[in-house]
A.B. asks: 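I'd like to ask you about the structure that follows.
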Amino acid sequence: MAETQAPSPYADNAVLDVIEQRSSTRQFKQGVQPTDEQRAAVLHAATRAPSAGAMMMYSIIDVRKQETLDRLSVLCDNQPFIAKAPWALVFVVDYAKWIDLFEHVGCFTPEFVERTGKAPRRSSHMGDFSIAAQDTVIAAQTAAIAAEAVGLGSCYIGDVVEQAEQMAELLDLPAHTMPLSMLVLGTPAKERPATPHPVENIVMLERYRRADAKTLDAQVAEMDAMFRPHAKEAGERVVDIYTRKHTSTFMAEMDRSVRAWFANWTGEKPLR
Ligand SMILES: Cc1cc2nc3c(=O)[nH]c(=O)nc-3n(C[C@H](O)[C@H](O)[C@H](O)COP(=O)(O)O)c2cc1C
């Protein structure tokens, strides 16, 4: 049965309309590569994203080789559709480039330390991570919206943080980096109606409000409605998330792997 979609309420605003119409793409037209113009538009848009102190604390690994896509598909919790996408962008939180710059201009020399009174050498820590990670994800989302605007579909792959040791080797990632977001991209194989998103318990006026039972009931009902026909009893979507995601083996691997990435980030235990 053909899926129908309500008309976008933002049809007269190009930017809002792209945001409204976007949905994740997991099926790509086979044998169709993004054009050079599409690739350039997406990568340029990413670099136009805001960035803390304009430091651009990220790198984008542009993956086009089938063998690398095949490997990513396995390392990212065995998701075969990754290998069927013609293009992947791995967004790497990157402080290595700043450490290289500091070194390059002489910030670590004894003369510099004496002249400025600054600590001899500081690694990247959690404070640096908190801003660098924002830079990285904002660049990724700007790329995702730009992709949509030039006719490419995309899907995030959260599992890119798994299998730290093998991922560091595959992408040659040095200390003070961590791959945080990945997008797979290509021409969508079919129409993708925008998926409904929950709205309950998200925006809180002026201060944080812990949901009361009434709000939680509303949230559960909203999620079950979106999860039909799978959800037959109240709360089934929340139980599904608990069993399939919160307590999954992939989440256990994510926990383990992200700890390894943090040790790589601070330089405490580099993966390469
Ligand atoms: C951080 C993040 C990680 C995600 N990881 C995956 C993934 O590994 N595999 C996948 O098929 N979809 C993944 N998605 C896509 C979400 O499932 C999708 O965004 C969500 O279901 C909402 O649907 P929509 O994007 O079509 O609106 C991810 C999305 C985000 C934001």
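Side chains included, hydrogens not; waters and symmetry mates left out as well; all remaining heavy atoms used.
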A.B. asks: State, yes or no, whether a side-chain contact exists between Pro86 and Arg64 at a heavy-atom distance under 4.5 Å.
C.D. replies: no
A.B. asks: Step by step, would you call Arg26 with Gln79 a side-chain hydrogen bond (donor to acceptor under 3.5 Å, both in side chains)?
C.D. replies: CA-CA 10 Å; Arg26 297 182 182 84; Gln79 300 190 69; over 6 Å; no
A.B. asks: Using 4.0 Å as the upper bound for N to carboxylate O, is an ion pair formed by Glu103 and Arg121?
C.D. replies: yes
A.B. asks: Looking at CG of Asn201 and CG of Asp212, how far apart are the two atoms once the value is rounded to the nearest 0.5 Å?
C.D. replies: 9.0 Å
A.B. asks: Between Glu165 and Arg272, does a salt bridge (Lys or Arg N to Asp or Glu O under 4.0 Å) hold up when you go through it step by step?
C.D. replies: CA-CA 8 Å; Glu165 301 74 11; Arg272 309 254 321 134; over 6 Å; no
A.B. asks: Using atom types as modelled and distance alone, determine if a side-chain donor or acceptor of Asn264 lies under 3.5 Å from a backbone N or O of Leu271.
C.D. replies: yes
A.B. asks: Give, for atom CG of Leu72 and atom CG of Leu171, the distance between the pair rounded to the nearest 0.5 Å.
C.D. replies: 6.0 Å
A.B. asks: So, are Lys97 and Asp100 salt-bridged, with charged N and O less than 4.0 Å apart?
C.D. replies: no
A.B. asks: Is it the case that the side chain of Ser257 and the backbone of Glu253 share a donor-acceptor pair, with hydrogens and angles ignored and the cut-off at 3.5 Å?
C.D. replies: no
A.B. asks: Show your reasoning for whether side chain to side chain contact (heavy atoms under 4.5 Å, CB included) applies to Thr109 and Val113.
C.D. replies: CA-CA 6 Å; Thr109 60; Val113 172; over 6 Å; no
A.B. asks: Which of these, Ser24, Cys155, Ser154, sits in a side chain to side chain contact (heavy atoms under 4.5 Å, CB included) with Leu183?
C.D. replies: Ser154
A.B. asks: So Arg237 and Val220, side chain to side chain contact (heavy atoms under 4.5 Å, CB included) or not? Walk me through it.
C.D. replies: CA-CA 8 Å; Arg237 174 60 172 161; Val220 164; over 6 Å; no
A.B. asks: Could you give me the CA-CA distance, side-chain angles and deciding distance for Phe129 and Phe262, then say whether ring pair (Phe, Tyr, Trp, His ring centres under 6.0 Å) is met?
C.D. replies: CA-CA 9 Å; Phe129 185 80; Phe262 275 129; 5.0 Å; yes
A.B. asks: Do Leu152 and Phe81 sit in the same hydrophobic cluster, where Ile, Leu, Val, Met, Phe, Trp and Tyr count as joined when their side-chain heavy atoms come under 4.5 Å apart?
C.D. replies: no
A.B. asks: Taking Thr25 for the side chain and Gln27 for the main chain, is one N or O donor matched with an acceptor at less than 3.5 Å?
C.D. replies: no
A.B. asks: Let me confirm one number: the CZ-CG distance from Phe91 to Asp135, rounded to the nearest 0.5 Å.
C.D. replies: 12.5 Å
A.B. asks: About how many Å separate CZ of Phe227 and CG of Asp240, when rounded to the nearest 0.5 Å?
C.D. replies: 3.5 Å
A.B. asks: For Arg210, is the CZ atom crowded, meaning more than 12 foreign heavy atoms sit under 6.0 Å from it?
C.D. replies: no
A.B. asks: Does any N or O in the side chain of Gln134 come within less than 3.5 Å of the main-chain N or O of Ser130, such that one atom is a donor and the other an acceptor?
C.D. replies: yes
A.B. asks: Quick one: closest heavy-atom pair of Ala143 and Ala46, and the distance?
C.D. replies: CB-CB, 4.1 Å
A.B. asks: Would Ser8 and Asp17 count as having a side-chain donor-acceptor pair, cut-off 3.5 Å?
C.D. replies: yes
A.B. asks: Are the charged groups of Glu200 and Lys214 less than 4.0 angstrom apart, N to O?
C.D. replies: no
A.B. asks: Any chance you could lay out the side chain to side chain contact (heavy atoms under 4.5 Å, CB included) test for Leu69 and Lys65, step after step, and finish with the verdict?
C.D. replies: CA-CA 6 Å; Leu69 292 165; Lys65 278 193 185 152; over 6 Å; no
A.B. asks: Would you say Met57 and Thr136 make side-chain contact, with heavy atoms under 4.5 Å?
C.D. replies: no
A.B. asks: For the pair Phe28 and Thr187, evaluate side chain to side chain contact (heavy atoms under 4.5 Å, CB included) and give the outcome as yes or no after the intermediate values.
C.D. replies: CA-CA 5 Å; Phe28 302 97; Thr187 305; over 6 Å; no
A.B. asks: Between Gln30 and Lys84, do the side chains contain a donor N or O and an acceptor N or O under 3.5 Å apart?
C.D. replies: no
A.B. asks: Short question: side chain of Ser51, backbone of Met56 - any donor-acceptor pair under 3.5 Å?
C.D. replies: yes
A.B. asks: Check whether Gln38 reaches the backbone of Val150 with its side chain - one donor and one acceptor, N or O, closer than 3.5 Å.
C.D. replies: yes
A.B. asks: Looking only at heavy atoms, which two atoms of Pro174 and Ala96 are closest? And how far apart?
C.D. replies: CG-CB, 4.2 Å
A.B. asks: Within the 4.5 Å heavy-atom criterion, are Ile60 and Val90 side-chain neighbours or not?
C.D. replies: no
A.B. asks: So, Asp128 and Arg122, do they make that salt bridge, N to O below 4.0 Å?
C.D. replies: yes
A.B. asks: Is the shortest distance from a Lys or Arg side-chain nitrogen in Glu148 or Arg192 to a carboxylate oxygen in the other one below 4.0 Å?
C.D. replies: yes
A.B. asks: Given Trp261, which partner from the list Leu173, Val93, Leu180, Thr266 fulfils the side chain to side chain contact (heavy atoms under 4.5 Å, CB included) test?
C.D. replies: Leu173
A.B. asks: Hey, does Phe102 have a side-chain heavy atom less than 4.5 Å from the side chain of Tyr95?
C.D. replies: yes
A.B. asks: Is a donor on one side and an acceptor on the other found under 3.5 Å between the side chain of Tyr58 and the backbone of Pro179?
C.D. replies: no
A.B. asks: Do the side chain of Trp87 and the main chain of Val184 share a donor and acceptor less than 3.5 angstrom apart?
C.D. replies: no
A.B. asks: Apart from Tyr10 itself, which Ile, Leu, Val, Met, Phe, Trp or Tyr residues share its cluster (side-chain heavy atoms under 4.5 Å, direct or through members)?
C.D. replies: Leu16
A.B. asks: State the CD1-SG distance between Ile157 and Cys76, to the nearest 0.5 angstrom.
C.D. replies: 6.5 Å
A.B. asks: Supply the atom-to-atom distance Met251 CE to Asp255 CG, rounded to the nearest 0.5 angstrom.
C.D. replies: 6.5 Å
A.B. asks: For the residue pair Pro50 and Ile138, establish whether any side-chain heavy-atom pair is separated by less than 4.5 Å.
C.D. replies: yes
A.B. asks: Among residues at least two apart in sequence or on other chains, which ones pass side chain to side chain donor-acceptor pair (under 3.5 Å) with Arg48?
C.D. replies: none
A.B. asks: Would you say Met178 and Met126 are hydrophobically clustered, going by side-chain heavy atoms of ILVMFWY under 4.5 Å?
C.D. replies: yes
A.B. asks: I'd like to check Gln141 versus Tyr156 (side-chain heavy atoms, cut-off strictly below 4.5 Å). Are they in contact?
C.D. replies: yes
A.B. asks: For Glu114 and Glu111, indicate whether the former's side chain and the latter's backbone hold a donor-acceptor pair under 3.5 Å.
C.D. replies: no
A.B. asks: Does a donor on one side chain and an acceptor on the other come within less than 3.5 Å for Ser124 and His176?
C.D. replies: yes
A.B. asks: Do Gln166 and Arg71 pair up side chain to side chain, a donor and an acceptor below 3.5 Å, judged on atom types alone?
C.D. replies: yes
A.B. asks: Got a sec: does the OH of Tyr242 have more than 12 other heavy atoms crowding it under 6.0 Å?
C.D. replies: no
A.B. asks: Quick one: does Leu89's side chain get under 4.5 Å of Val42's, heavy atoms only?
C.D. replies: yes
A.B. asks: Find out whether Phe250 and Asp159 are in side-chain contact, i.e. whether some heavy atom of one side chain is under 4.5 Å from a heavy atom of the other.
C.D. replies: yes
A.B. asks: Verify, without hydrogens or angle tests, whether Glu236 (side chain) and Asp224 (backbone) share a donor-acceptor contact under 3.5 angstrom.
C.D. replies: no
A.B. asks: Taking Leu43 as the starting point, is it possible to reach Leu185 by hopping between hydrophobic residues whose side chains are less than 4.5 Å apart?
C.D. replies: yes
